[in-house]
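Positions are given from 1, in the same order as the sequence printed here. These numbers were taken from a predicted model, which means no experiment stands behind them.
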Amino acid sequence: MMDNQLPTKEGYAPVWHTTDGGKHWQQVTPNLTLHKEFSWSLYVRDKVTAWLITRYDGERYAALYQTLDGGKTWQRFEWPYASEAPDYMTFTDQNHGWSLLVTSPFVINLEDVRTGNYVSEADKELQQFLLHTRDGGKSWQKIGPLPIAGRIEQVQFLDEQTGWITSETVTQEKGAPLPEHTGYLYMTHDGGRSWQRQSLDTALAGIKANAYLDLTFFNKREGYVYAEYGLSGVNLQYYLYVTHDGGRSWQQSGNALPWGQDMGIIIPPLEMPKQQVLPDGQHIVEAINTFSLINGRWQQTTFQRHNPTANGSIRGFSFLSTQRGFVMIQVGQRGREFYHTIDGGKTWQKVGLLS
């Protein structure tokens, strides 16, 4: 676990914790053998608070484990919806949290939705609910079904009352060569009981956004979101919008952001975004590209990291500010190396090895 709130990570893997910036790591996985469980998804709130979702061998989800002391001890709560995954989990403190519950008679691959290989006619029978907890995950209240167009892609709450949802519909008319994507942005002021659709001043006049991506709020007033424009997989453009009044109004910031195929974006989570860090298209750690917003335009600079390891591959980024960040690199069978930057990616220093 690290110093900032991380997106949820999935996979059957142990949980590791560091208290010295990645130099040393301690495994803090709770005892899962008693109930014959596997770790599945980890949500980290802060230095000491995290939740681990587990599942049984198969498709059933088992429990939610909460730690309030950096993994030294864990408390286990039964997950009440064994056949449904707790998606897009978010907590505002150690007690208050939300999760998305989706029920559908169809098996839908979410990656197909984003790549345009899925058409959401089946979503007419889709039901989406919010689950709300006030006791750290011990019990959940079901809210919904939600009056949201399309399939929800992101849920974020700022406090007990104020939250955001992004969603997307995918349709394809008969004879059309490509599906049509439409993005939506919603806001609630009553804890998710009602939702109001938000609109942004479009960067491309008369063209609606395909999707809204990476919605992030730093506090109740400051936040940003990316809007995607263009045909699915063809000449896509991405624009950054920022708000300084809690989402009542949004302003475009800069020109179209450079974006290549297979390039993932990592956004500094504690400051308004001025630098964006992306691995190269092949995910080989030979260089890191940094995008800076200067005088309204994105400028790219490429930095070579010190002593690059042949065949090393990026396994994850985490930036605490526009200057300070970490990268984790898989190095063959030897384990994972951790590198630290304090100058926005210009230089990197190896700080530890997880093996």
Side-chain angles (χ1 to χ4, degrees), residues 1-10 15 17 28 30 40-54 61-82 84-102 128-148 152-167 185-196 198 214-225 243 245-248 269-270 320:
M1 294 186 289
M2 302 181 72
D3 290 2
N4 66 312
Q5 182 175 325
L6 301 176
T8 300
K9 303 295 183 183
E10 294 187 355
V15 180
H17 185 216
V28 294
W40 177 249
S41 182
L42 179 69
Y43 176 87
V44 179
R45 172 65 195 167
D46 53 38
K47 294 181 180 180
V48 296
T49 311
W51 289 262
L52 176 68
I53 300 166
T54 64
Y61 292 88
L64 187 66
Y65 286 78
Q66 182 195 44
T67 181
L68 303 177
D69 55 14
K72 295 178 182 177
T73 61
W74 296 83
Q75 187 173 6
R76 184 181 187 272
F77 307 127
E78 288 284 347
W79 180 246
Y81 303 95
E84 306 293 343
D87 288 328
Y88 306 110
M89 187 171 290
T90 178
F91 280 80
T92 56
D93 55 38
Q94 66 182 37
N95 293 314
H96 297 88
W98 288 261
S99 184
L100 178 65
L101 178 69
V102 179
Q128 301 175 105
F129 301 85
L130 275 183
L131 299 177
H132 182 206
T133 181
R134 293 183 174 90
D135 53 18
K138 184 177 181 179
S139 62
W140 295 85
Q141 176 191 4
K142 193 174 181 180
I143 304 173
L146 302 177
I148 303 297
I152 294 174
E153 294 199 334
Q154 189 176 358
V155 177
Q156 183 177 6
F157 273 79
L158 308 182
D159 54 38
E160 183 77 359
Q161 299 297 320
T162 307
W164 294 83
I165 278 177
T166 63
S167 67
L185 182 64
Y186 293 88
M187 186 179 187
T188 181
H189 291 289
D190 57 12
R193 290 184 293 275
S194 64
W195 293 86
Q196 297 77 46
Q198 304 293 298
D214 296 310
L215 174 67
T216 300
F217 274 86
F218 309 103
N219 51 54
K220 293 183 179 181
R221 298 184 60 83
E222 308 288 333
Y224 66 86
V225 69
T243 180
D245 56 13
R248 293 184 180 89
L270 298 183
L320 309 182

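Judged by distance alone, the side chain of S167 and the main-chain N or O of E153 form no donor-acceptor pair under 3.5 Å. Side chain of Y43 to backbone of F91: a donor-acceptor contact under 3.5 angstrom is found. In this structure, H96 contributes its side chain and E160 its backbone to no donor-acceptor pair below 3.5 Å. Within the 3.5 Å criterion, the main-chain N or O of L158 finds no donor-acceptor partner in the side chain of W164. Not one N or O on the side chain of T67 forms a donor-acceptor pair closer than 3.5 Å with the backbone of A50. Judged purely by atom type and a 3.5 angstrom limit, Q94 has no side-chain atom pairing as donor or acceptor with the backbone of L68. T243 contributes no side-chain N or O that, together with a main-chain N or O of E222, makes up a donor-acceptor pair within less than 3.5 Å. Using a distance-only test at 3.5 Å, with no hydrogens or angles considered, no donor-acceptor pair links the side chain of Q66 to the main chain of G137. Using a distance-only test at 3.5 Å, with no hydrogens or angles considered, a donor-acceptor pair links the side chain of R45 to the main chain of T92.
Ring geometry, F157 versus W98: the interplanar angle falls under 30°, so the pair is classed parallel (tilted spans 30 to 60°).
Residues L131 and K142 form a side-chain contact, since some pair of their non-hydrogen atoms from C-beta on lies under 4.5 Å apart. The side-chain heavy atoms of W79 and I53, taken from C-beta on, include no pair separated by under 4.5 Å. Proximity of Q196 to H189: side-chain heavy atoms (C-beta onward) are separated by under 4.5 Å at one or more points. Side-chain atoms of T49 and W51, non-hydrogen and from C-beta on, do get closer than 4.5 Å to each other. The shortest distance between side-chain heavy atoms of Y65 and V15 does not fall below 4.5 Å. Here the side chains of L215 and L185 are in contact, with some heavy-atom distance below 4.5 Å. A 4.5 Å side-chain heavy-atom check between D245 and R221 finds at least one atom pair inside the cut-off. Looking only at side-chain heavy atoms (C-beta outward), L101 and W140 stay at 4.5 Å or farther from each other.
Considering CG of L130 and OH of Y88, their distance stands at 12.5 Å, rounded to 0.5 Å. Between D190 atom CG and I143 atom CD1 the span is 8.5 Å, to the nearest 0.5 Å. A distance of 6.0 Å separates CD in Q161 from CZ in R193, rounded to the nearest 0.5 Å. Here the straight-line distance linking atom CG of L146 with atom CH2 of W195 works out to 7.0 Å at 0.5 Å rounding.
Taking both residues in full, the closest heavy atoms of G97 and H132 are given as O-CD2, 3.1 Å, listed atom of the first, atom of the second, then distance. Nearest heavy-atom pair, P145 versus F129, reported as atom, atom and distance to 0.1 Å: N-CE2, 3.2 Å. When every heavy atom of H17 is checked against every heavy atom of G70, the shortest pair comes out as ND1-O, 2.9 Å.
Paired with Y186 under the rule side-chain contact (heavy atoms from CB on, under 4.5 Å), one option of I148, V155, T166 passes, and it is I148.
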Worked verdict on L64 versus K138 for side-chain contact (heavy atoms from CB on, under 4.5 Å): CA-CA 8 Å; L64 187 66; K138 184 177 181 179; over 6 Å; no
Stepwise side-chain contact (heavy atoms from CB on, under 4.5 Å) test for R134 and N95: CA-CA 5 Å; R134 293 183 174 90; N95 293 314; 5.8 Å; no
